[in-house]
Amino acid sequence: MIIVMKDQATEKQIDEVIGWIESVGYKAHPSRGVERTIIGAVGDNRDKAILKYAESLPGVEKTMPILKPYKLASRESHEGDSVVNVGGISIGGPDFVVMAGPCSIESEEQLMESAYVVKKGGAQILRGGAYKPRTSPYSFQGMEEEGLKLLEKVRLRTSMPVVTEVVNPVDVDLVESYADMLQIGARNMRNYELLKAAGRAGAPVILKRAPGAPLRDWLLSAEYLLKYGDGRVVLCERGDSFGRGGLDLKLMERAMKATALPVIADPSHACGRREQVAAQALAAARAGADGVMIEAAADPSAALVDGRQTLGLKDFSALAKKLRALRK
Ligand code: PEP
Ligand code: MN
């Protein structure tokens with residue numbers, strides 16, 4: 001259920017409504033817009049029974065049931081677009097955000113040199129995986145906590161906020177202590193215990209769409225993060241196949257209509273080949289994405305993971321420049 005407050009509702013009335021929602025066993029998720037505040041009340045499905053009573057509370061304009069299976073993720077439960085702040089960078093606002101970096105953190109030198117490529121190209125957020133979910137158990141699995149320490153070092157040296165993947169609920173607090181933003185990868189979109197743990201951590205989270213997942217399932221996974229978390233969720237479209245068949249821009253556009261959450265695209269994992277990354281990134285920007293996540297490194301040919309789709313300095317800078325020009 002959503003409770004729409006009157007334009008003139010006071011802070012005290014808003015607080016009282018929030019208190020009432022919680023007193024009847026629901027969790028209140030207020031969204032304060034420029035003109036009015038709306039409050040999502042999420043609990044079990046007894047919505048209709050309490051709906052009427054909420055309308056009698058001072059300052060309440062009306063109440064509305066949310067018909068979609070995802071409640072907090074649906075556009076109706078948010079006043080305007082949701083803007084997610086990550087270490088001072090706003091995702092979902094007027095600026096197009098570029099996140100970039102190597103697929104995996106492999107050494108201090110590799111990460112620092114790649115951070116230079118990313119910063120020089122004009123990206124705002126550095127990415128790099130310390131925990132890598134690999135198809136083969138024999139492939140490099142990531143540097144784990146040692147990698148997180150390198151990420152923190154580079155974060156301090158470059159002042160760039162960092163995003164990194166977490167694959168296991170028990171590691172959420174550890175990863176969160178080193179990173180500005182958590183990433184939940186395509187393979188883990190349906191790992192509900194991980195989603196709950198990441199939500200509870202209270203850090204901003206990027207949620208990638210699992211290949212083949214319909215919009216409904218993607219948004220229901222986001223709903224886990226929102227139900228347990230503080231609302232700072234960014235969706236990331238990354239294509240329908242691990243065989244790399246390109247972005248699903250139609251589905252991304254439907255997502256942008258269905259939710260107020262920022263939506264970005266990852267053309268690197270969607271394509272799997274660096275020659276195709278720029279065209280897909282530009283197409284996503286033209287379709288209205290709030291940003292892109294791109295694999296870029298100082299020496300793609302030396303990468304232990306995903307080198308084939310990783311851009312070097314020249315290609316990355318050229319793409320970032322085109323993206324800036326396009327979004328001006
Ligand atoms: C990654 O970002 O390196 C990654 C593993 O992506 P995905 O979850 O989209 O495959
Ligand atoms: Mn990768």
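We use all heavy atoms of the structure for the numbers below, so side chains are in, but hydrogens, waters and symmetry mates are not. In listed order, ligands and their atoms are each counted from 1.
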Next on the checklist: Against M181, only a single residue in T164, I91, V162 fulfils side chain to side chain contact (heavy atoms under 4.5 Å, CB included); can you say which?
Outcome noted: I91

Give a yes or no on whether a salt bridge exists between [X] and [Y], defined as a side-chain N under 4.0 angstrom from a carboxylate O.
{"X": "R127", "Y": "E165", "value": "no"}
{"X": "K149", "Y": "E144", "value": "no"}
{"X": "K250", "Y": "E253", "value": "no"}
{"X": "E11", "Y": "R32", "value": "yes"}

Next on the checklist: Is there a path of hydrophobic side-chain contacts, each under 4.5 Å between heavy atoms, that joins L251 and V292?
Outcome noted: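 No, no single cluster joins them.
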
I'd like to check whether [X] has a polar contact with ligand 1, where a contact means an N/O of the residue lying under 3.5 Å from an N/O of the ligand.
{"X": "Q183", "answer": "yes"}
{"X": "D266", "answer": "no"}
{"X": "A186", "answer": "yes"}

Checklist entry - Honestly, is R187 close enough over F242, meaning NZ or CZ under 6.0 Å from the six-membered ring centre and within 45° of the axis? => result yes

Near [X], which atoms of ligand 1 are under 4.0 Å from a heavy atom of that residue?
{"X": "K132", "value": "1 (C), 3 (O), 5 (C)"}
{"X": "R187", "value": "10 (O)"}
{"X": "E295", "value": "3 (O)"}
{"X": "G185", "value": "8 (O)"}
{"X": "K208", "value": "1 (C), 2 (O), 4 (C), 6 (O), 7 (P), 8 (O), 9 (O)"}

Next on the checklist: Quick check on Y192: does its OH atom have over 12 non-hydrogen neighbours (other residues, nucleotides or ligands) under 6.0 Å away?
Outcome noted: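 Yes.
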
Next on the checklist: Surrounding NZ of K132 (heavy atoms of other residues, nucleotides or ligands, distance under 6.0 Å), is the total greater than 12?
Outcome noted: yes

Item to check | Any M293 heavy atom less than 4.0 Å to ligand 1 | outcome: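 False for this residue.
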
Checklist entry - Contact between C103 and ligand 1, counting heavy atoms under 4.0 Å? => result yes

Checklist entry - Protein N, O or S atoms less than 2.8 Å from the Mn ion (ligand 2), ignoring waters? => result C103 SG, H269 NE2, E295 OE2, D306 OD2

Item to check | Shortest non-hydrogen contact between D266 and S268, atoms and distance | outcome: OD1-N, 3.0 Å

Checklist entry - Which heavy-atom pair separates V17 from I39 by the least distance, and what is that distance? => result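 Closest approach of V17 to I39, heavy atoms only: CG1-CD1, 3.8 Å.
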
Checklist entry - Given the rule in the side-chain contact (heavy atoms from CB on, under 4.5 Å) test, do K71 and E223 qualify, once you have shown the distances and angles that lead to the verdict? => result CA-CA 7 Å; K71 309 291 176 193; E223 189 77 11; 3.4 Å; yes

Which residue supplies the protein heavy atom nearest to [atom], what is that atom called, and how far is it?
{"atom": "atom 9 (O) of ligand 1", "result": "R238 NE, 2.6 Å"}
{"atom": "atom 4 (C) of ligand 1", "result": "H269 NE2, 3.4 Å"}
{"atom": "atom 2 (O) of ligand 1", "result": "R127 NH1, 2.7 Å"}

Checklist entry - Does the side chain of E106 come within less than 4.5 Å of F140's, by heavy atoms? => result yes

Item to check | Pick from E165, Q309, E237: the one approaching atom 5 (C) of ligand 1 most closely through a non-hydrogen atom | outcome: E165

